[in-house]
Amino acid sequence: MSHIVVAGSINVDVFLDVTALPKANETIIGKAMRQAIGGKGLNQAVACAKLGPPAHMVAAVGDDALAPQATAFLAQNGVLTDYVKGMPGATTGLANILVAEDGQNMIVVTPGANGLLSPGDIDAASSLIASASALVVQLEVPLATVRRALDVARQHGVLTVLNPAPVDPAAMELMRLADLVTPNETELMRLTGISDVSDASLITGLNALIAAGAKQALVTLGSEGCAALMDGALVRLPAYKVKAVDATGAGDIFNGALVTRLVAGDGLLEAMRYGCAASALSVTKPSANACPTPAEVAELMAQQPQIAL
Ligand code: RIB
């Protein structure tokens, strides 16, 4: 098993804790502010590094005071940063995140340097991608950059995992380059036009991703677990039961954990179960990359063996 490459975003996350999420045109008083390092790419890379083989990021930061904090955070969490590029004159990506008492969140991302990560930066890392076990991408960097990363990986037979978040309907053209696509339910609805999460709708939605070219498709369903198409039939895995404190980044931890098991040789359902356990533990702590240790994941899976395959 070789390394995993995550080509994606790095953000500084500014969390505002609130009692309940505001409605449009409403002003509310927050409870606390905290800052952390995040970004869908970074969170997924941290999960890969903590739970599996070495993980590298191909990413961009600004030339501001936040950039060294972000790269130091990656290094502290075991993610290799040789292809994290400082973009002159750019600010590091920023995410403003409201987190309510029930653990739900709202996020606004200002891409900054993430928006400057180019297909040329992917080409510069092509030998790293070509020798990887898996490439993981999201949609917080330009679509052309994501496409080039998937192209390079596909040319070299590297497993490609596309997490289409935040959703962009134009990403349907990337499905042909994805071995596995992993939307959440909202993203699946926006990509495919389904309007609910009934079995029939999920089958329709996941089949649409496969018809567009993805080899396999799953959907994460928050507190309802996740589901995938297996030989045309929908298989649902329930969520592990935990007390949620902050659901931010739960999907990222799911994706990172899932990929570590796929490259280790697990089947899709086994890898999804592992991803569910890791993401369940991540929501019991604040921050978007509160990734558990392999021992903690194993303990939860042993404690709640009802999620059998
Ligand atoms: O998925 C959670 C992440 O979304 C946060 O870390 C934030 O940076 C945004 O990218």
Side-chain angles (χ1 to χ4, degrees), residues 1-12 37-50 52-63 66-88 90-93 95 109 111-166 168 171 174 177-180 182 252 255-256 258-260 262-263 289:
M1 186 197 333
S2 171
H3 55 277
I4 296 171
V5 175
V6 179
S9 58
I10 295 174
N11 294 328
V12 172
I37 306 297
K40 294 184 194 304
L42 177 143
N43 299 337
Q44 294 181 22
V46 166
C48 289
K50 282 197 166 172
H56 294 252
M57 269 204 95
V58 180
V61 290
D63 66 0
L66 298 170
Q69 292 179 34
T71 42
F73 182 86
L74 281 166
Q76 282 154 18
N77 285 280
V79 179
L80 297 153
T81 59
D82 356 5
Y83 290 92
V84 176
K85 186 174 171 185
M87 298 294 186
T91 53
T92 299
V109 175
N114 297 307
L116 301 176
L117 191 75
S118 69
D121 296 320
I122 298 296
D123 292 343
S126 60
S127 56
L128 179 78
I129 296 171
S131 56
S133 312
L135 170 81
V136 186
V137 289
Q138 318 76 31
L139 301 179
E140 279 184 343
V141 298
L143 210 63
T145 306
V146 177
R147 187 190 308 115
R148 182 70 63 88
L150 290 167
D151 257 331
V152 171
R154 181 53 70 82
Q155 276 165 26
H156 293 90
V158 174
L159 177 77
T160 56
V161 178
L162 168 61
N163 175 226
D168 177 350
L174 299 178
L177 297 169
D179 291 318
L180 174 63
T182 64
D252 298 332
N255 275 278
L258 170 95
V259 174
T260 66
L262 291 176
V263 300
N289 47 51

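Side-chain atoms are counted along with the backbone in the values below, which use heavy atoms only and exclude waters and symmetry mates. We number each residue from 1, following the sequence as shown.
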**Q** To the nearest 0.5 Å, how far apart are CG in Leu74 and CG in Leu80?
**A** 9.5 Å

**Q** Looking at Arg154 and Asp179, is there a salt bridge between them, counting it only when a charged N and a carboxylate O are closer than 4.0 Å?
**A** yes

**Q** Measure from the side-chain N and O atoms of Ser131 to the backbone N and O of Ser127, and report whether any donor-acceptor pair falls under 3.5 Å.
**A** yes

**Q** In Å and rounded to the nearest 0.5 Å, what is the CG to CG distance from Leu162 to Leu174?
**A** 6.0 Å

**Q** Write down the atom of Asn114, the atom of Gly8, and the distance for their closest heavy-atom approach.
**A** OD1-O, 4.4 Å

**Q** Roughly how far apart are Leu258 CG and Thr182 OG1, rounded to 0.5 Å?
**A** 7.5 Å

**Q** Tell me if a side-chain donor or acceptor on Thr91 pairs with a main-chain N or O of Gly112 at a distance below 3.5 Å.
**A** no

**Q** Mind checking side-chain contact (heavy atoms from CB on, under 4.5 Å) for Asp252 and listing every partner two or more places apart, or none if nothing turns up?
**A** Lys40, Asn43, Gln44, Asn163

**Q** Within this structure, what is the OG1-CE distance for the pair Thr71 and Met57, rounded to the nearest 0.5 Å?
**A** 11.5 Å

**Q** Say you draw a straight line from CG of Leu42 to CD of Gln138; how long is it, rounded to the nearest 0.5 Å?
**A** 10.0 Å

**Q** Identify the two heavy atoms, one from Val6 and one from Gly41, that lie closest to each other, and give their separation to 0.1 Å.
**A** CG1-O, 3.4 Å

**Q** So, the side chain of Asp151 versus the backbone of Arg148: is there a donor-acceptor pair under 3.5 Å, distance only?
**A** no

**Q** Would you check if there is a donor-acceptor pair between the side chains of Ser126 and Asp123 at a distance under 3.5 Å?
**A** no

**Q** Can you name the salt bridge (charged side-chain N to carboxylate O under 4.0 Å, His left out) partners of Lys50, sequence neighbours left out?
**A** none

**Q** Ignoring hydrogens, what is the shortest heavy-atom contact between Ile4 and Val263? Give both atom names and the distance.
**A** CD1-CG2, 4.1 Å

**Q** So does Leu150 get a backbone contact from the side chain of Thr160, meaning a donor-acceptor N/O pair under 3.5 Å?
**A** no

**Q** Go through it in stages, so that I can follow the logic: the residues are Ile129 and Ile122, the test is side chain to side chain contact (heavy atoms under 4.5 Å, CB included), and I'd like the CA-CA distance, side-chain angles, deciding distance and then a yes or no.
**A** CA-CA 9 Å; Ile129 296 171; Ile122 298 296; 3.9 Å; yes

**Q** Sort out for me which residue in Asp121, Thr92, Val61 forms a side chain to side chain contact (heavy atoms under 4.5 Å, CB included) with Met87.
**A** Asp121

**Q** For Ile10 and Ala70, work out which heavy atoms get closest and say how close.
**A** CG2-CB, 3.7 Å

**Q** Side chain to side chain contact (heavy atoms under 4.5 Å, CB included), that's the test. Do Leu116 and Lys85 meet it? Break it down for me.
**A** CA-CA 10 Å; Leu116 301 176; Lys85 186 174 171 185; over 6 Å; no

**Q** Could you go through the side chain to side chain contact (heavy atoms under 4.5 Å, CB included) check for Val79 and Phe73 one step at a time?
**A** CA-CA 9 Å; Val79 179; Phe73 182 86; over 6 Å; no

**Q** When you measure from the side chain of Ser133 to the backbone N and O of Ser2, does any donor-acceptor pair fall under 3.5 Å?
**A** yes

**Q** Determine whether Leu262 and Thr260 satisfy the following criterion, side chain to side chain contact (heavy atoms under 4.5 Å, CB included), listing intermediate values before the conclusion.
**A** CA-CA 6 Å; Leu262 291 176; Thr260 66; over 6 Å; no

**Q** Could you tell me which non-hydrogen atom of Gly78 sits nearest to which non-hydrogen atom of Ala49, and how far apart they are?
**A** O-CB, 3.7 Å

**Q** Quick one: does any side-chain atom of His3 pair with a main-chain N or O of Leu128 as donor and acceptor, under 3.5 Å?
**A** yes

